[in-house]
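A short worksheet on the structure shown next.
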Amino acid sequence: MHSSWNHGSTYKLKLGLFLLLSSALLMSGCKDTPSPHSAAAPAAAAPVTDASQPVSFWVATDTHYLAKSLEDGGQAFQSYVRSGDGKMLPYSDELTEALVYEAGQKKPDFLILSGDLTNNGEAASHKELTAKLHRMEAAGTRVYVVPGNHDINNPWARSFGGDKQLVAPHINAEDFLRLYEDFGYNEALARDTDSLSYVVKAAPGLWLLMIDSAQYAHNEEYNFPQTDGRLLPSTLTWINENVKLAAKEHASIITVMHHNLLSHTSMAVSGFKLNNSQQTLKAFRQEGLNLVLSGHIHMQDIRRDPEGTADPAAPVYDIATSAMAVNPHQYGSMTFDPRSRTVTYNTAAVDVEGWARVSGKSDPNLLNFKRYAEETFAVNSYEKAMSRLQDSPFTEAEKQSMAETMSSLNLKYFAGTAADSLDEIRAMPGFKLWERMEGGFMSGYIRSMTEHSGQSNVSLKMVLTTQ
Ligand code: FE
Ligand code: MN
């Protein structure tokens, strides 16, 4: 389970995917070693719900919450945000408040957060976020979390003051357990001894297998947060034991983990999919675990394996919900019907504007958040494309045209709606110029968006296996 540094495939794509995906993710390295954690298994509290009624719940991921106290809006923070991957860090607090408010209004039974809860694992961010999650639970929505690759032992934790970045205190795995004990761990039916994974009864007939796929034991030694994920052999065994327990109760199971089970892009990027995704997929298929909720890639994408409906193998789905921190700031709104075992999934954008009005905010960016967020993301993509095209042989006008095309494409791609706009994007003057670029990046990019067209990336209806 040891592999060498793996920067090659990402660097080949630096002009391309860098524009699309998290820059932090591309700083990928692959080393893994089991990280032991203590585990106890207190009794679970049964949810008080009518056993025959469908339940509604939400899944959000990559909230990348940054505590307000860690930034002063100064030069260092501004340039950090500008050089980043499109996260709405200046309004992290407001965005989360809007989510808490919306949960209070719409009353989903529970909220799943599938990792990268914080920007870079800052202790202050975890503390503030958990305070908000406690308020959400007090208002009637239970919360279940797992960590992502940014949340634990992260040496990149920073605060921003004036023109300086300062090292900020971060948390370790024990701190994570303590801070998030009310968000899954204390209610768990069982916990894995070798990771922060647990299983919980979320609703009548529905268990959540909350998997910790992140590797953080060596972050401080490496001096960066390890990007790639995997399931330990012992965790796979533990999963198998819990699937058998679920079978005794004829429950259905949804599996949640930060890293992807399936490939969500045909482009060769390491660190998104589990390192042992083949082995895990095989195990999940055998165990009838046919729905995974993931995040990490920051884009909205739904895949199934096998892709083709002609294949006799029962499909396994992986829904990668786009990052809550990134435009269009959406989550998955889901239902589970215990009679038919049917699950539905539809994306919904957090209504920051509605929350801002009700809360009497005067900041125009909050009152017109949808437009503000879209423009900010578009400008970020445009500027990234322009800087990457800097040394290319194109004229200034051509570069601008190409950057505009990339910006439009990114807006759709991250939202999961690119397939609907391909004709429109192909008609843009910059599109042909991208196609002329060496390496054929644009055609690869377009191909990665079209390869499973016809299947929605923003909604799904499927039936869970009954164990
Ligand atoms: Fe992330
Ligand atoms: Mn991640």
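Order of listing sets the numbers, starting from 1, for every ligand and every atom in it. FYI, the numbering just counts along the sequence from 1.
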task = Given side chain to side chain donor-acceptor pair (under 3.5 Å), test D212 with S197 step by step and report yes or no.
result = CA-CA 5 Å; D212 170 15; S197 307; 5.3 Å; no
inquiry  = salt bridge (charged side-chain N to carboxylate O under 4.0 Å, His left out), that's the test. Do R303 and D301 meet it? Break it down for me.
reply    = CA-CA 7 Å; R303 298 278 167 138; D301 192 81; 2.7 Å; yes
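Looking only at N/O/S atoms, D62 comes nearest to the Fe ion (ligand 1) through OD2. Atom OD2 is the N/O/S atom of D116 found closest to the Fe ion (ligand 1). H64 contributes atom NE2 as its closest N/O/S atom to the Fe ion (ligand 1).
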Can you give the donor-acceptor pairs under 3.5 Å from side chains of residues 365-377 to other protein atoms, not counting sequence neighbours?
| unit_1 | atom_1 | unit_2 | atom_2 | d |
| --- | --- | --- | --- | --- |
| N365 | ND2 | Y91 | OH | 3.0 |
| N368 | ND2 | P364 | O | 2.9 |
| T376 | OG1 | Y372 | O | 2.6 |

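Residue contact annotation: H296 places an N/O/S atom under 2.8 Å from the Mn ion (ligand 2). Under 2.8 Å from the Fe ion (ligand 1) lies an N/O/S atom of H298, whether from backbone or side chain. Because the distance cut-off is set at 2.8 Å, D116 qualifies as a neighbour of the Mn ion (ligand 2) through one of its N, O or S atoms. None of the N, O or S atoms belonging to H259 lies under 2.8 Å away from the Mn ion (ligand 2). For the Mn ion (ligand 2), the N/O/S atoms of N149 include one lying under 2.8 Å.
For Y101, the side-chain contact (heavy atoms from CB on, under 4.5 Å) partners are Q105, W355, V358, not counting sequence neighbours.
The environment of NZ in K412 is sparse: at most 12 heavy-atom neighbours from other residues, nucleotides or ligands sit within 6.0 Å.
A salt bridge does not link K384 with D85: none of the charged nitrogens is closer than 4.0 Å to a carboxylate oxygen.
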